[in-house]
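Numbers restart at 1 for each chain; the letters A, B, ... are given by sequence-line order, proteins then strands. We use all heavy atoms of the structure for the numbers below, so side chains are in, but hydrogens, waters and symmetry mates are not.
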Amino acid sequence: MRFSRMHLPTLKEVPAEAEVISHRLMLRAGMIRRLAAGIYSYLPFGLLALRNVEAIVRQEMNRAGAQEVLLPAVQPAELWQESERWDFYGKELLRFKDRHQRDFCFGPTHEEVITDLIRNEVRSYRQLPLNLYQVQTKFRDEIRPRFGLMRGREFIMKDGYSFDVDDAAATLSYKSMREAYTRIFSRCGLNFRAVEADSGAIGGNFSHEFVVLADSGEDAIASCTECDYAANIEKAQSKFIEVSVLESEGDSEPANAVATPDCQSIDEVAAFFKVSPTAIAKSMIFETDLGFCMVVVPGDREVNEFKVKAALGANWLEIPTPGRVADELGLPVGYLGPLDVDIPVLVDRQVPYMGVMICGANREGYHLQGIRWGRDFSSGQIADLVQVRAGEPCPHCGAALQIDRGIEVGHIFKLGTKYSEKLNATFLDQDGQEKHMVMGCYGIGVGRTVAAAIEQNHDDNGICFPYAIAPFKAALLNLDLKSEEVTAFCEKLYQELLERGITVLYDDRNERPGVKFKDADLLGIPVRLTLGRKGFKRGIIEVKLRNSSTSQEFALDDLKPLYSLFDKLQADDSRI
RNA sequence: CGGGAUGUGGCUCAGCCUGGUAGAGCACUGCGUUCGGGACGCAGGGGUCGGAGGUUCAAAUCCUCUCAUCCCGACCA
């Protein structure tokens with residue numbers, strides 16, 4: 001492509017709307033433009049990167065035996081009502097009516113549609129397994145879209161669905177997708193982790209997220225520094241180490257209420273009693289579909305709401321406002337404690353080992369001192385309810401856990417029979433028995449993968465595209481357009497590179513050299529070829545890799561070494 | 001939905017407090033010079049100051065409402 005003819009509007013200044021690096025660079029590099037909050041157009045340069053990721057995704061999905069389909073983006077409400085997600089999915093589902101006042105939605109995901117398709121086609125175990133995928137535009141009406149392509153409302157997703165005869169077979173499908181995803185993200189040049197994750201609204205019973213490590217990521221993951229354990233912070237556990245409790249301490253002192261005016265937070269209470277937060281039992285009220293409950297954890301720990309939800313078996317969970325807690329339960333937030341409450345109490349597994357502790361008195365302005373587990377309170381379910389911290393022991397091997405931030409680019413789920421039961425997708429097995437298909441679903445945020453790649457591969461001057469997804473593999477900078485011999489050579493080289501299948505952005509613009517260098521860096525094209533009058537006279541062309549600080553010179557009369565450089569880059573890239 | 005902020009040529013912003021002829025830089029058009037890290041000179045074109053209403057002799061500026069966007073939180077493949 002000739003730069004002079006390409007619609008590639010690079011920006012010197014960062015548009016005010018962009019905060020995170022990938023968003024800024026994608027705007028500056030002329031890859032995307034915003035239409036509305038969370039809704040973006042892809043410009044030619046951005047689309048080339050997107051297509052490159054898609055190509056890798058297709059290759060690896062096909063290699064894993066999946067077949068591409070294209071399902072409708074607009075879906076009838078009936079299907080969603082049948083799966084009972086029409087109500088459950090909430091406001092994120094973009095709903096609308098057609099001219100006949102029939103309800104439709106713009107698909108945020110396609111479990112319903114694919115299951116409907118398959119239940120009408122597949123009757124026999126002989127037709128299974130099946131794995132179908134598509135690359136398509138999704139719409140989720142996110143509460144807060146942000147960070148450009150990172151969390152858009154309209155976005156391009158690869159979603160795939162597998163159908164198997166039983167759980168063992170479904171596990172094989174899942175494993176094969178896990179391998180395919182590992183290959184995909186490796187080929188995209190990303191530093192990522194596959195981590196255990198919560199299944200969320202999709203449902204099902206087992207899932208892994210593929211998280212690209214980046215400080216700007218919205219997700220936190222815990223991973224072991226020794227073994228291969230890694231989990232989303234929502235799901236992450238640590239090995240529990242029992243500590244001995246000093247039995248004598250505090251036994252003689254019965255619990256007593258102390259006036260603690262204006263001490264509502266753990267820090268304030270700790271300061272008041274001149275103790276560590278670890279000596280305070282932190283009590284919080286949660287409201288779920290099963291009713292209210294109280295959760296008690298050590299004062300220095302954060303409650304992990306996903307663990308609370310799992311421990312209760314609840315579908316949803318939220319923290320009620322202090323006003324609501326007062327109205328419904330008559331309890332004063334800030335002075336809560338587990339003694340004498342008439343709602344279920346969940347106790348973190350560490351609480352019984354806290355020894356003598358302080359907790360709220362359930363009375364405005366008072367805390368209780370000298371509280372002991374087993375003596376003053378003991379009711380309640382005991383579970384692991386807190387968020388893991390860096391340095392805690394790995395649940396598998398006991399080595400230290402580390403916490404990293406990252407961007408979720410892919411998520412795979414074992415769905416089991418959740419959707420096949422709801423939508424009655426069955427087949428006859430070998431014995432003539434009717435059975436529900438066992439499903440899995442597998443998503444990749446394609447645009448988000450591009451953004452994550454930029455987030456992970458950039459410097460002060462701009463993007464440093466991994467070779468595999470670079471919109472152009474080479475940038476050819478003609479610094480002396482007016483020199484006929486330089487231009488003639490550039491034209492020849494440009495054509496030769498194209499003939500060799502190397503995509504080139506030929507900068508033939510009537511611009512000063514500085515502009516061309518700046519743009520080449522900003523655009524992050526892996527190989528930069530620079531030819532000017534001086535170099536031409538010396539018979540050399542300058543070759544610089546975007547991710548290297550040094551350049552090398554190649555003889556103009558023998559370009560074989562240059563072509564082998566591209567061969568090598570290409571080979572490294574497809575080595576996975 | 002709660003909290004914070006911002007809307008002024010294509011982009012980045014000043015002007016607003018203290019009402020009185022809409023500005024700068026970049027970008028764009030033409031001419032000339034320049035030409036290996038975002039050049040310079042001269043001459044140009046381009047703005048319902050997000051929208052509506054109000055106050056006023058007079059509103060980008062003050063008031064009310066509204067829309068949009070961004071950030072934090074809650075939420076979420």
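C76(B) atom C1' lies 12 Å from atom CZ of Phe88(A), rounded to whole Å. Atom NZ of Lys534(A) and atom C1' of C35(B) are 9 Å apart (whole Å). In this structure, Arg151(A) atom CZ and A74(B) atom C1' are separated by 13 Å, rounded to whole Å. Rounding to whole angstrom units, CG of residue Leu481(A) and P of C35(B) are separated by 15 Å. Distance, Asn510(A) CG to A27(B) P: 14 Å, rounded to whole Å. Separating the CD atom of Glu142(A) from the P atom of A77(B) is a distance of 9 Å, rounded to the nearest angstrom. Ile541(A) places its CD1 atom 17 Å from the P atom of G36(B), with the value rounded to the nearest Å. Between Ile143(A) atom CD1 and G2(B) atom P the separation is 13 Å, expressed in whole Å.
A donor-acceptor contact under 3.5 Å is not formed by the side chain of Arg146(A) with the base of C70(B). With hydrogens and angles ignored, a donor-acceptor pair under 3.5 angstrom links the side chain of Arg512(A) to the base of U34(B). Judged by distance alone, with hydrogens and angles left aside, Glu511(A) brings no side-chain donor or acceptor close enough to the base of G38(B) to form a pair under 3.5 Å. The base of G36(B) lies outside donor-acceptor range of the side chain of Asp480(A), with no N or O pair under 3.5 Å. The base of G25(B) lies close enough to the side chain of Glu13(A) for a donor and an acceptor atom to sit less than 3.5 Å apart. Remark: the Arg28(A) side chain and the G38(B) base include a donor-acceptor N/O pair separated by less than 3.5 Å.
Pairing partner, A24(B): U12(B), with both Watson-Crick or wobble hydrogen-bond distances short of 3.5 Å. Nucleotide C40(B): paired with G32(B) (Watson-Crick or G-U wobble, both distances less than 3.5 Å). Pairing for C1(B) is with G73(B), a Watson-Crick or G-U wobble pair whose two hydrogen-bonding atom distances lie under 3.5 Å. Nucleotide U64(B): paired with A52(B) (Watson-Crick or G-U wobble, both distances less than 3.5 Å). Applying the Watson-Crick and G-U wobble criteria (two distances, each under 3.5 Å), G47(B) pairs with nothing in any strand.
Of the C1' atoms belonging to A22(B) and G15(B), the separation is 9 Å, rounded to the nearest Å. Across C42(B) and A59(B), the matching P atoms stand 36 Å from one another, rounded to whole Å. When the P atom is compared between G38(B) and A43(B), the two are found 26 Å apart, to the nearest whole Å. Comparing G30(B) with C49(B), their C1' atoms are spaced 29 Å from each other, to the whole Å. G10(B) and U48(B) have their P atoms separated by 9 Å, given to the nearest Å. The separation of A5(B) from G46(B), taken at their C1' atoms, amounts to 29 Å, rounded to a whole angstrom. A distance of about 8 Å separates the C1' atoms of G2(B) and A74(B), rounded to the whole Å. A gap of 24 Å separates the P atoms of U33(B) and G45(B), to the nearest Å.
Under the 30°/60° scheme for interplanar angles, the aromatic rings of His411(A) and Phe413(A) are found to lie parallel. Using bins of under 30°, 30° to 60° and over 60° for the plane-to-plane angle, the ring pair Phe192(A)/Phe210(A) lands in the tilted bin.
Ala18(A) comes within contact range of no nucleotide atom at all, as no heavy-atom separation falls under 4.0 Å. Across all strands, Arg528(A) comes closer than 4.0 Å to base atoms (heavy-atom distances). Gly445(A) comes within 4.0 angstrom of a base, heavy atoms only. Here Glu218(A) lies out of heavy-atom contact (under 4.0 Å) with every strand. Counting any heavy atom pair closer than 4.0 Å across all strands shown, Lys138(A) reaches no nucleic acid atom. At a threshold of 4.0 angstrom between heavy atoms, the contacts of Ile319(A) with the nucleic acid are absent. Using a 4.0 Å heavy-atom criterion, one finds that Asp159(A) contacts no nucleic acid atom at all. Among the atoms of the strands shown, none is found under 4.0 Å from any heavy atom of Glu234(A). Using a 4.0 Å heavy-atom distance criterion, Tyr442(A) is classed as making no nucleic acid contact.
Of the candidate nucleotides A39(B), U12(B), U69(B), U12(B) has the atom lying nearest to any side-chain atom of Ala16(A). For Pro513(A), taking side-chain heavy atoms from C-beta onward, the closest of the listed nucleotides U12(B), G36(B), G37(B) is G36(B). The side chain of Thr530(A) lies closest to G36(B), out of G36(B), C75(B), C70(B). The Ala37(A) side chain lies nearest to U69(B) when the options are G37(B), U69(B), A77(B). Listed nucleotides C75(B), G37(B), U12(B) differ in distance to Pro15(A); the shortest reach to its side chain belongs to U12(B). You'll find that the side chain of Lys482(A) is closest to U34(B), out of G38(B), G36(B), U34(B). Comparing atom distances between the Leu522(A) side chain and each of A77(B), C70(B), G38(B) picks out G38(B) as nearest.
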Tell me, with the steps shown, if Phe465(A) and His458(A) meet ring pair (Phe, Tyr, Trp, His ring centres under 6.0 Å).
-> CA-CA 8 Å; Phe465(A) 271 116; His458(A) 69 268; over 10 Å; no
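Residue Lys12(A) has a polar side-chain atom (N or O) positioned under 4.0 Å from OP1 or OP2 of A27(B). Arg144(A) has a side-chain polar atom (N or O) that falls below the 4.0 Å cut-off from OP1 or OP2 of C72(B).
Here the options are Lys158(A), Arg178(A), Arg183(A), the test is salt bridge (Lys or Arg N to Asp or Glu O under 4.0 Å), and the partner is Glu60(A); only Arg183(A) passes.
The backbone N or O of Ile525(A) lies less than 3.5 Å from no partner atom in the side chain of Arg546(A), so there is not a single donor-acceptor pair.
Taking each heavy atom of Asp219(A) and Glu408(A) in turn, the nearest pair found is OD2-CB, 3.3 Å.
When ring centroids are compared, Phe206(A) and Tyr174(A) come within the 6.0 Å threshold. Proximity of the aromatic rings of His23(A) and Tyr40(A) is defined here by a centroid distance below 6.0 angstrom, and this criterion is met.
The structure places CD1 of Ile454(A) at 8.0 Å from CG of Leu149(A), a figure rounded to the nearest 0.5 Å.
Remark on RNA chain B: of its neighbouring residues Val446(A) and Val14(A), the 5'-side contact belongs to Val14(A), judged by nearest-heavy-atom nucleotide. A residue-by-residue look at Glu318(A) and Lys544(A) shows that Lys544(A) has its nearest nucleotide of RNA chain B further toward the 5' end.
If you check the side chains of Tyr419(A) and Ser83(A), you find no donor sitting under 3.5 Å from an acceptor.
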